[in-house]
Each structure stands twice: as C-alpha cells, then as structure tokens.
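Counting begins at 1 with the first residue of the sequence.
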Amino acid sequence: MARRIFADYLAGQSSRTIAMALNREGIPGPQGKEWGPTTIHGNPKRGVGILNNELYVGKLVWNRLRYLKDPDTGKRVSRLNPEGEWVTQDVPELRIVDQEVWEAVKARQKALAYQPPAEPGENTLNDRRRPKHMFTGLVKCGCCGSGYTMISKDLLGCFGARNKGVCENRLNIRRDALEKSVLQGLHTHLMEPGLFKEFCAEFTREVNRRRVERSTGLEAARRQLEKTEKQIRGIIEAIKEGMFQPSMKSEMDGLEARKAELTEMLVQAEEPPPLLHPNMAEIYHQRISALYGNLQNEETTTQAALTFRSLVDQIELMPEGNDLKIVLRGDLAAILRFAAGKKSPDILSEAGVLTDLLSQGSVVAGTGFEPVTFRL
C-alpha cells in the first residue's frame, strides 16, 4: 500500500485524491480508520504521514518528538525535539521504497510546500482571523458525523465529503453566517422564558422530593435530641428530689455527650440550596446580549468567544434541500452557571436531579436540555 501511495503521489495525484480513492475502494487506513489527506502527507519536519515515514527507506528514528500535557485542556500534545537529539539507526532489511522514489517525493513536497505553522493548531492560511475560531471542533455534519472544517478563507465544508469521499453532503456555509446564526440561536432559541418556567416547576418538585428524603435523617436527629434533653431533665429533677445514685453520674455524662454530638450534627447540617428562579431565563438573555456586545470590542473579543463556546455542546448541520438546518445542543450546566453569574452556583449541587431528568426524558424543550433546531 505504501508503494502505491508513493507512486500515485509522484504521478501527480494530491493527498486528498489518494485518500478518497482508498476510501472508495474500502481499504482501511492506519488503525482501521478512514484515510484522510493528513494521513498521506502528514508533516515532513515531524516525520509523520505515509510520505514521511523513514522506516520505508530503512531508517529508524527515535526521540524526534516529545509529549507534554497541555495545562489548559489536559490533553497530550507533541513537540519537535532539536535534530541533534534524534537517535537514528539504519535498518535496511525494512526498506520497501527505493531511494530514488523517496527523493523524488521529497522534491515534489518541497516544491508544493507552504511555510508550515510553528506549532500544531496555528493557521497560516489566514493570519488576520481571530486567534481561535469561535466554534472550532463543535460543528459536525448531520449526515456522516465528520467535522465541518475550513475549505477556503471563509467557507466551511464537510470534511468527510471534501477530503475523504465518504459523504454526499456538499453544502458549504460561510463561517461568519454560521457564527451569526448560532449566536442568534443561543439568544432566541435557548432558555425560552415560558418553557423555562415549566422546567423550573418540574425541577422544584423533584428537588423538594429529594430534600424531604434527605431531611428524614435530620428530623430523626432532632427527635433524638429532644428525647436526650428530656432524659437529662428527668435526672436533674430526680437529684433535686434527693434520689441521687452513683450510677446517675455516668448516665448523665453519657447523655450530655450524646446531646453535644446531636447538637453539633444539626448545627453543621447544610441547608438545601435555593431553587432555580424563573427569572433566570430573563437574566440569561440579558447576559447573552451583553456578551454579544463584547464580541464587537477588540479588547474583550477573545474572552467573549471562549464564553460562547462554553455554552455549546455541539452544532450539527443537516442538509435540507438546498439549505442547511442547524441543530444546536446547549451545555445546560454551563448555561446555568452563565445565567447565575457564578462559577459554581448552589444550584449545581443538585446536579443529580438534572442528570436524572435528562435520562427520564421528562424535560422541557427550549431550556438547554434538548437539541434546538432552526435554519439559516
């Protein structure tokens, strides 16, 4: 397979054309996945990609890359080591590509190359764009599940259709049009006040039911405290009437210790957090409007974009005739935090209730729980 890829590339085919042909023929890619252009051309400096694998010419290279954990995302990322730190060993018995073919491929790569980004994730095609796409990684094709990626300076298209040939969805969308539509969707379709009030009522009923269950233990402790105090008073009255016995002292000590234990437990018992307020939906819309304004300010654009991203779980684009239908899935916990204006509002301590309502399907559309559908 490697020889075929090298030959096709030298014959003038692009890595995208090669990948699409392999997918059409049902030939599995590395690790059984579909072929993509980057699987073919990779990154010459990093030695990744079929066309850059030096093992095909009998050379084994160690320590080319080092791996670190990104402190912001927690994901493992690779970094290129200085060439002087690489360890190379000749393994001629593993060569499958002639040296002349390898050198010809390297020459074509060099002729076609543009200056690659210094680090993964940098985009040299449009330096004037915002440093981070507002919805990068969130936009998916409703037909095949592939990501919608930049196919030109301003257009997004289905990666599965454009680069792998595994999808029939050829509808594109301008990035700015998508962003505008999604922002409007966040404002007008999520947290609709009337529906949110219905959700608040259902949420309140469920939380109160669970609070009653939790308070059962506290009520038992209160009754036990009353009983203990009554026993203590009885002993005190008996002593006043001259009925003292030596055993009363040890019994009194035990009752006083139990009283102190119960009192401390009740004092330390946390009061249930307040319920959602129906006006939270109105507050949400006010905050969204203010956040939208921050996007227009160069000083606050980056942070505002990150906040918008946090409110969205996924944006699905589904062809419907000649148009694209948008299915917007909001992140409920993030939306509630945003509306409350707090990083950890008390309401999230009832996260179990939210999860259970979701799994039961007994939630109200338009509150951020269920996908919201609208069109461009």
Side-chain angles (χ1 to χ4, degrees), residues 14-16 19-20 36-38 72-73 114-190 288-331 334-335 338 371-376:
S14 67
S15 55
R16 183 167 72 102
M20 294 177 71
T38 55
D72 294 326
T73 65
Y114 65 93
Q115 183 62 37
E119 294 294 348
E122 294 182 9
N123 188 342
T124 61
L125 296 180
N126 186 3
D127 293 334
R128 296 184 180 181
R129 278 172 47 194
R130 289 195 299 270
K132 191 166 187 177
H133 187 310
M134 191 180 300
F135 299 123
T136 296
L138 300 176
V139 188
K140 305 294 181 183
C141 172
C143 296
C144 69
S146 297
Y148 252 71
T149 57
M150 299 303 297
I151 60 174
S152 70
K153 178 181 177 181
D154 300 309
L155 283 181
L156 288 160
C158 171
F159 186 82
R162 295 281 175 176
N163 296 299
K164 293 185 176 182
V166 296
C167 182
E168 298 299 321
N169 177 15
R170 306 288 293 187
L171 291 180
N172 305 325
I173 181 173
R174 286 183 59 88
R175 186 196 66 204
D176 54 357
L178 175 64
E179 289 184 355
K180 181 178 180 181
S181 295
V182 171
L183 298 184
Q184 289 177 344
L186 282 169
H187 187 274
T188 61
H189 294 275
L190 290 182
I288 282 286
S289 296
L291 194 58
Y292 186 82
N294 288 338
L295 281 175
Q296 318 308 315
N297 186 333
E298 291 185 1
E299 296 181 358
T300 56
T301 294
T302 300
Q303 186 56 49
L306 291 175
T307 302
F308 267 118
R309 283 177 58 84
S310 73
L311 302 178
V312 180
D313 266 342
Q314 182 171 308
I315 303 164
E316 184 178 282
L317 302 182
M318 176 67 74
E320 195 171 74
N322 294 323
D323 299 319
L324 282 170
K325 177 178 67 176
I326 299 177
V327 180
L328 177 63
R329 292 179 171 85
D331 183 328
I335 288 172
F338 175 75
V372 175
T373 302
F374 57 99
R375 288 162 182 77
L376 290 172

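Counting heavy atoms from C-beta outward, Ile151 and Arg162 have side chains that approach closer than 4.5 Å. Two residues are said to be in side-chain contact when any heavy atoms from C-beta on lie closer than 4.5 Å; Cys143 and Met318 meet this criterion.
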(message) Let's go through Leu156 and Met150 carefully: what are the C-alpha distance in whole Å and the side-chain angles of both, what is the deciding distance for side-chain contact (heavy atoms from CB on, under 4.5 Å) to 0.1 Å, and is it a yes or a no?
(response) CA-CA 4 Å; Leu156 288 160; Met150 299 303 297; 3.3 Å; yes

* Can you check side-chain contact (heavy atoms from CB on, under 4.5 Å) on Met20 and Asn163, steps first, answer last? -> CA-CA 7 Å; Met20 294 177 71; Asn163 296 299; 6.0 Å; no

Apply side-chain contact (heavy atoms from CB on, under 4.5 Å) to the pair Leu138 and Gln314, showing each step before the final yes or no. CA-CA 5 Å; Leu138 300 176; Gln314 182 171 308; 5.7 Å; no

Exercise for review: Assess whether side-chain contact (heavy atoms from CB on, under 4.5 Å) is satisfied between Leu324 and Tyr148, documenting all intermediate values.
Suggested key: CA-CA 12 Å; Leu324 282 170; Tyr148 252 71; 3.9 Å; yes

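A distance of 9.0 Å separates CZ in Arg170 from SG in Cys158, rounded to the nearest 0.5 Å. For the atom pair Leu183 CG and Leu178 CG, the distance stands at 9.0 Å (nearest 0.5 Å). The structure places CG of Asp154 at 12.0 Å from CG of Asn172, a figure rounded to the nearest 0.5 Å.
The two atoms that bring Asp323 and Leu171 nearest to each other are O-CD1, 3.4 Å, heavy atoms only. Across every non-hydrogen atom of Lys153 and Arg175, the tightest pair is O-NH1, 4.4 Å. Residues Cys141 and Cys144 come closest through the heavy atom pair SG-N, 3.6 Å. Residues Ala19 and Gly36 come closest through the heavy atom pair CB-C, 3.7 Å.
Taking Arg16 as the reference, nothing meets the side-chain hydrogen bond (donor to acceptor under 3.5 Å, both in side chains) condition, with sequence neighbours excluded.
Of the candidates Ile326, Val182, Leu317, Thr149, Leu317 is the only one forming a side-chain contact (heavy atoms from CB on, under 4.5 Å) with Val139.
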